[in-house]
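Scroll down for the structure; my scribbles are underneath it.
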Amino acid sequence: MLSSRLKNVTPSVTVAISSKVKEMKSNRINVINLSIGEPDFTIPEKAKEYGKKSLDDNKTKYDLVAGILELREAICEKLNKENEISYTPDQIVLSSGAKNSITNTILAVTDPGDEILLPLPYWVSYSEIIKITNAIPIEVPTKKENNFKVTKSDLAKVVTDKTKMIVITNPSNPTGAVYTRDELMEIAEFCLEKGIYIIADEIYEKIRFNDSFVSIASLSENIKNITITINGFAKSVAMTGMRLGYTASNTEIAKAMSTIQSHIVSHPSLTSQYIGLGALRECEEDMNHMVQTYKKRCELITKRLDKIKNISYVEPSGAFYIFIDLSKVKEKYKYKNSFSVEFCQNFLEEEKVAVVPGEAFGIDEYIRISYACHEDEFLEGINRLEKYINKFI
Ligand code: PMP
Ligand code: GLU
């Protein structure tokens, strides 16, 4: 008999689709993979050198739970310079990926039965991590006219005396929307007033197409105190498989997370930490190059999507996703339970293109496309999408 904490927890849809694509590819089926959000770049060479050297220097033993001091110092420097937030190394906890950081945060701050607000649409793993920790995910409806960015009035409708936290993903996965300073200030002040912690998931922070990006924790000292910033190296330095993420928070929460981590994983891989250190110290140019490439791809893909009738999408300002509204297709499409799940399954089988159903993010009329791949691949994927949609409209 399994633990009741797993009731209603489903495996990650994004990871499952990507695994299915890998299986199809190993069976020599030529699939276009626009599903998982995984950069097609490789880790910059200078960063790799740090990892190689750390092995040569035999940095392979148990080390500090919160992560090596040099890396926590480099993260503080980055947060100070780029995000205008001042932290000390004892407020930074490195973990095995941002997923691990999010889990540590929720374990450190919530009790069973506490409610965590998830503005719709939300990244697939939040709800499932929350359920695993015995907290309760509460979906917060948002408006398409506002690019699905949550507002104070959306929050006021769902807050209860059990509300403990909210997750703000900025830039957003799956929409790519980016919040303005005023929008963030309104949300953060509301959270302060109600005593709600903020998980500020800023893992896509580097991948944005306009200059303006504001970190929630930079808004004021009081707001910083209730905010746990999540970040990592998977997206910004194409280090998905190295599993390295971190939190920046007040000292009390950081200590609690270290206690949890000391029992569960000790600390993330030292080799990964040294590669992360190299990335922060030496690879700004490489990261800028990746961002410029995503920006060009975003222009290409949106220009192409604009030519397709009967669909629309949320205008992306960052990350590498497009969230496409297929409600007009849904009206004509025959499905049994979930439109987006069945649409994506059939699209994969018939046209050999993998995309993620909107249902994984809480909104069924949509699909998500990742353009973290070569333009030939996503443009061909969009050609096939147009052809497939036209069968039904
Ligand atoms: N947050 C968001 C919004 C994500 O899209 C992802 C997926 N990578 C993560 C966190 C988890 O990142 P990591 O691979 O570092 O666990
Ligand atoms: N976060 C990425 C995505 O949304 C990677 C897969 C995952 O961890 O969910 O596709």
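In each ligand, atom 1 is the first atom listed, and ligand 1 is the first ligand listed. Predicted, not measured: the structure shown is a model, and the values here were computed from it.
Remark: distances from the non-hydrogen atoms of R368 to ligand 2 include one below 4.0 Å. Residue T169 places a heavy atom less than 4.0 Å from ligand 1. Using 4.0 Å as the threshold, K235 has a heavy atom nearer than that to some atom of ligand 1.
Contacts with ligand 2 closer than 4.0 Å are made by side-chain heavy atoms of N173 only, the backbone lying farther away. Residue contacts with ligand 2, taken as heavy atom pairs separated by less than 4.0 Å, involve Y321 solely via side-chain atoms from C-beta onward. Counting heavy atoms closer than 4.0 Å to ligand 1, residue A234 contributes side-chain atoms (C-beta onward) but none from N, CA, C or O.
Sorted pairs that involve residues 61-75 and meet side-chain hydrogen bond (donor to acceptor under 3.5 Å, both in side chains), not counting sequence neighbours, are lacking altogether.
The aromatic rings of Y126 and W123 stand perpendicular to each other, their planes meeting at an angle above 60°, with 30° marking the opposite boundary.
Nearest to atom 16 (O) of ligand 1 by heavy atom, out of M242, M239, R243, E202, is R243. The heavy atom nearest to atom 5 (O) of ligand 1, out of those in Y122, W123, Y204, is found in Y204.
The shortest N or O to N or O distance between A98 and ligand 1 is under 3.5 Å. Not one N or O of T240 is nearer than 3.5 Å to an N or O of ligand 1, by distance alone.
Note: F213 and Y179 fail the aromatic proximity criterion, with ring centroids not under 6.0 Å apart.
Just one residue in the list F209, Y204, F320, F378 forms a ring pair (Phe, Tyr, Trp, His ring centres under 6.0 Å) with Y294, and that residue is F320.
Residues T88 and Q91 bring a donor and an acceptor atom of their side chains to less than 3.5 Å of each other.
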